[in-house]
Amino acid sequence: MTVRTRFAPSPTGYLHIGSAWSALFGWMYARKYGGQFLLRIEDTDTSRTVPGAIENMMEGLRWFGLDWDEGPDVGGPYGPYVQTERVALYQEYAYWLIGHGRAYKCFATPEELEAMRAAGVPGGYDRRYRDYPADQVADLEAQGKPYVIRFKMPLTGETAVPDLLRGNVIFPNDQFTDYVILKSNGLPTYHLAHLVDDHLMKITHVTRGVEWLNTAPIHVQMYQAFGWELPVLVHLPVILNPSGKGKLSKRHQAFMDSGEKVLVRASEFIEAGYLPEAVVNFLANIGWSFGNDREKFTIAEALPHFDLADISPAPVKLPYSKLDWLNGQYIQEMDILTLAQAVKPYLEKQGWEVNLESLLLVMPAMKPRLKTFPDAIPFLRFLFDETPPDETAVSATALSDDKLPPTAAKAAFTAARHFLATAVPFDVETLGAGLSQIGSQYTTNGKPGPFLGKLRLGITGQQVSPPVYESIIALGRDRALARLETIIALF
RNA sequence: GCCCUCAUCGUCUAGGGGACCAGGACGUAAGCCUUUCAAGCUUAAAACCGGAGUUCGAAUCUCCGUGAGGGCACCA
C-alpha cells in the first residue's frame with residue numbers, strides 16, 4: 001500500500017509556521033516511501049474564508065519546498081480537492097448514516113441550544129431529537145423547519161483512539177454528545193468532510209495538531225459506522241508561545257524577551273531574511289531529531305532516517321535563536337554573488353540606491369557577519385546612504401584620544417589621504433600595509449590600532465562597520481578621499 | 001467544572017532497566033585571535049518535576065501528586 005498523506009488547511013488566513021511544520025512531517029513521510037502528498041482545501045465554513053488565502057498557502061508551501069502531487073491546482077484522480085466543490089458527496093454520506101440508523105435530523109433552534117448550554121447540559125445538547133418519532137420528523141420537515149444532521153455517538157462504553165505517538169487513548173463515550181455533521185445550510189462540518197475525503201482520497205497517515213485528539217473518538221466511531229478502515233493517526237504536539245502562555249497564535253502578536261517580534265506566519269520568516277533550507281532544517285529538529293548528534297542537514301539527508309513514530313509528543317517552544325544560528329550556517333555556504341543578490345533588496349528597502357559592484361566588494365567581509373540578510377543593513381549604511389554622517393558622532397574630539405592626540409590625528413589623516421590618492425593596487429594588501437604603517441607612526445603607543453579605529457569612524461561614520469580596508473575599497477578611491485577631506489577639515 | 005495529553009540543562013533534543021557522577025546543539029560566561037562588530041578555536045556553568053512503589057539495579061516501568069498545555073460550536 002502506498003503512503004498517502006495530506007495537508008488540509010482551511011483558507012482562513014495565512015500559512016502558520018505550525019501548519020507548515022505539520023505539513024513538513026506529512027510530506028517527508030510520503031516522500032520517504034515514494035508515496036503521494038496531497039493538498040486539500042477545507043473551506044466548509046464559508047463565512048471564514050479569506051480571499052487569497054489559498055494562493056498564500058500554496059506560495060508558502062512552495063517556498064518551503066513542499067510540493068504536492070494532487071491538489072486544487074494540479075488536480076488528481078480523487079478530486080475535486082476543494083471541499084465546497086464536494087458538498088453533494090458529503091450529503092450523500094450523511095443521509096447514508098441516517099438510513100443506517102447512525103445519524104438523525106435535529107430541529108433544535110439556536111435559542112434552544114443556547115438554553116441548553118446555559119443550563120450546563122454536557123456537550124451543550126441533550127439529544128432531544130435522537131429518537132424522535134418518524135412521523136413527527138416528517139411533520140417538522142413538511143413545515144419547512146430547518147434541521148442539521150447529527151451523528152449518534154454511543155451512549156455508554158468507551159472509544160479507543162489509536163494514536164501513533166501515544167498508543168491507545170481511551171475516552172468514555174458519555175463525555176460526548178451527538179455532534180453536527182451536516183449543517184442546516186447543507187454544508188458538512190469538519191468531522192464529516194475530512195473523514196469522507198480522507199477515505200475517498202485513500203489517505204493512509206493523518207498528521208494533525210493535538211487539538212484534534214479530543215474529537216478523534218467521534219471520528220473513530222464514524223469510521224466504524226461507515227465500515228471504513230481507520231488511517232494511522234498522528235497527533236502532533238502544540239507549538240507554544242516562546243514568551244508567555246498558551247499556544248503560538250497568529251492572532252495576537254507576541255514578543256521575545258529581547259523585544260523582537262515572534263515570527264508566526266510563513267511569510268514573516270521569508271521577509272525576515274531566512275533561507276528556506278534553514279527554516280525547514282530548523283523545523284525538522286522540532287519534535288524529531290536526526291540522530292548522531294547531527295543538527296544541520298538537508299531534508300534529502302533526513303528522509304532515510306525519518307519516521308513519524310519517532311516524533312516526540314511533548315509540546316514545544318520554537319528555539320528561534322537556533323534558527324538564527326542555522327541560517328548563518330547556510331549563509332556561509334552561499335557564493336558571494338548569490339548572497340549579494342539576496343541582500344540587495346533588504347538594503348533597497350531602506351531607500352538606498354544599491355550598486356551591485358560595491359556590494360560585491362564588501363560581501364566577502366560581510367558574509368561571516370550575517371545570520372540573516374537584513375543584518376547587513378547597519379554595516380553598510382556608509383556605502384549606500386548619502387545623507388552626511390552625524391556631526392556630533394564624527395568630530396575632531398571623536399577622531400582623537402590620548403593614544404592619538406588631535407595634532408597627530410590630523411597629520412595621520414593627511415598622510416592617509418596622500419597614501420590613498422596614489423596607492424596601487426587599490427587592494428587589501430596594499431592598503432593594509434600602508435595604513436597600518438601610518439597608524440604606527442602617529443599613535444603614542446606605536447601601534448596602528450587607535451588610528452585604524454578612528455579611520456573607520458571617519459570613513460564610515462559608524463562605530464561598527466565591515467573591516468576598514470574592505471570598506472575603503474568598496475567605497476572607491478574618490479569617495480574615500482572626499483571623506484578624508486571632510487575629516488581633515490574638522491580639526 | 002468535566003475529559004484528554006505531556007514532563008531530561010534557559011531552549012531544542014539524545015537516551016527507553018545496568019554502557020549516565022546523563023551526551024549534542026543553540027543561547028549564556030570566560031579566554032585566544034583581532035582595527036570595530038562578527039566568525040573561528042578553547043574552556044566553563046547548566047537538567048532527569050516531587051513522592052511512593054516494582055527491581056539486585058530506575059532518567060528509563062507502575063501509581064499518586066504537582067506543573068504545563070489541549071478540548072468541551074450548525075469553527076476548523
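- As the counterpart of B:U60, no nucleotide is assigned, since no Watson-Crick or G-U wobble pattern has both distances under 3.5 Å.
- Among the heavy atoms of the strands, none lies under 4.0 Å from A:Lys447.
- Applying a 4.0 Å cut-off to non-hydrogen atoms, none of the residues of residues 80-88 of chain A approaches RNA chain B.
- Annotation: ring pair (Phe, Tyr, Trp, His ring centres under 6.0 Å) contacts of A:Tyr223 (sequence neighbours excluded): none.
- No salt bridge links A:Asp401 with A:Lys403; every basic N to acidic carboxylate O contact stays at or beyond 4.0 Å.
- In this entry the distance linking CG of A:Asn281 with P of B:G24 reads 20 Å, nearest Å.
- In this structure, of B:G69, B:U5, B:C3, it is B:C3 that holds the atom nearest to the side chain of A:Pro172.
- Residues passing the side-chain hydrogen bond (donor to acceptor under 3.5 Å, both in side chains) test with A:Asp163 are A:Arg166, A:His235, sequence neighbours excluded.
- With both pairing distances under 3.5 Å, B:G40 is matched to B:C32 as a Watson-Crick or G-U wobble pair.
- Within the 4.0 angstrom heavy-atom criterion, base atoms lie near A:Tyr190.
- In plain terms, the two heavy atoms of A:Thr177 and A:Gly123 that are nearest each other are CG2-O, 3.5 Å.
- No donor-acceptor contact under 3.5 angstrom links the side chains of A:Thr49 and A:Asp43, judged on distance only.
- Using cut-offs of 30° and 60° on the angle between ring planes, the pair A:His194 and A:Tyr190 is parallel.
- Proximity of A:Arg48 to the phosphate of B:A76: no side-chain N or O atom is located under 4.0 Å from OP1 or OP2.
- For the pair A:Phe297 CZ and B:U13 P, the interatomic distance rounds to 12 Å; values are reported in whole Å.
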For this session: Please step through side-chain contact (heavy atoms from CB on, under 4.5 Å) for the pair A:Phe373 and A:Asp375, ending with a clear verdict.
Result: CA-CA 5 Å; A:Phe373 303 136; A:Asp375 286 350; over 6 Å; no

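- Under a 4.0 Å N-O distance rule, the pair A:Asp197/A:Arg6 does not qualify as a salt bridge.
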Using the 3.5 Å cut-off, write out each protein N or O paired with an N or O of nucleotides 60-66 of chain B and the distance between them.
none

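- A sub-4.0 Å separation between OP1 or OP2 of B:A76 and a side-chain N or O of A:Thr44 is present.
- In this structure, A:Arg208 atom CZ and B:U5 atom C1' are separated by 15 Å, rounded to whole Å.
- Nearer to the 5' terminus of RNA chain B, by closest-nucleotide assignment, is the contact made by A:Ile170 (compared with the other of A:Pro188 and A:Ile170).
- For the segment residues 173-182 of chain A, residues with any heavy atom less than 4.0 angstrom from an atom of RNA chain B are, sorted by number, A:Gln175, A:Val180.
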For this session: Could you give me the CA-CA distance, side-chain angles and deciding distance for A:Trp288 and A:Phe306, then say whether ring-ring contact (aromatic ring centres under 6.0 Å, His included) is met?
Result: CA-CA 8 Å; A:Trp288 182 76; A:Phe306 184 73; 5.3 Å; yes

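- In summary, A:Asp178 and A:Arg127 engage in a salt bridge, as defined by a charged side-chain N under 4.0 Å from a carboxylate O.
- Within the nucleic acid shown, A:Ser184 comes within 4.0 Å of at least one base atom, counting heavy atoms only.
- If you check residues 102-118 of chain A against RNA chain B, the residues with a heavy atom closer than 4.0 Å are A:Ala108, A:Leu113, A:Arg117, listed by number.
- Side-chain proximity of A:Leu213 to the nucleotides B:U5, B:U13, B:C3 is greatest for B:U5.
- For the pair A:Lys247 NZ and B:C4 P, the computed distance is 19 Å after rounding to whole Å.
- Both distances falling under 3.5 Å, in either a Watson-Crick or a G-U wobble arrangement, place B:G69 opposite B:C4.
- Within 4.0 Å of A:Gly287, counting heavy atoms only, lie sugar-phosphate atoms of the nucleic acid but no base atom.
- Legend: residues meeting ring pair (Phe, Tyr, Trp, His ring centres under 6.0 Å) with A:Tyr90, ordered by chain and number and at least two apart, are absent.
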Problem set entry | Footprint string (nucleotides 25-44 of chain B, 5' to 3'): B base within contact, S backbone only, - free, heavy atoms under 4.0 Å | BSS-------BBBBSS----

For this session: For A:Leu213 and A:Phe171, run side-chain contact (heavy atoms from CB on, under 4.5 Å): C-alpha distance rounded to whole Å, both residues' side-chain angles, the deciding distance at 0.1 Å, then the answer.
Result: CA-CA 10 Å; A:Leu213 186 56; A:Phe171 294 82; 4.3 Å; yes

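- Counting atom types as modelled, A:Thr189 pairs no side-chain N or O with a base atom of B:C74 as donor and acceptor under 3.5 Å.
- The pair A:Asp198-A:Arg40 meets the salt-bridge criterion, since a charged nitrogen lies less than 4.0 angstrom from a carboxylate oxygen.
- Look at CG on A:Leu326: it is 14 Å from C1' on B:G24, rounded to the nearest Å.
- Evaluation of the ring pair (Phe, Tyr, Trp, His ring centres under 6.0 Å) rule for A:Trp21 yields A:Phe25 as partners, not counting sequence neighbours.
- Across the protein-nucleic acid pair, A:Asn185 atom CG and B:C74 atom P stand 12 Å apart, rounded to whole Å.
- Rounded to an integer number of Å, the gap from CG of A:Leu164 to P of B:C6 is 13 Å.
- Residues passing the ring pair (Phe, Tyr, Trp, His ring centres under 6.0 Å) test with A:His191 are A:Tyr179, A:His219, sequence neighbours excluded.
- Summarising the geometry, the separation between NE2 on A:His191 and P on B:A76 is reported as 8 Å, rounded to the nearest angstrom.
- Residues A:Phe413 and A:Phe451 place their aromatic rings such that the two centres sit under 6.0 Å apart.
- Listed by chain and residue number, A:Lys296 satisfy the salt bridge (charged side-chain N to carboxylate O under 4.0 Å, His left out) test with A:Glu333 (two or more places apart in sequence, or in another chain).
- Nucleic acid contact for A:Ser47: none, since no nucleic acid atom lies under 4.0 Å from a heavy atom of the residue.
- Taking the salt bridge (charged side-chain N to carboxylate O under 4.0 Å, His left out) definition, one finds that A:Asp307 meets it with nothing, sequence neighbours left out.
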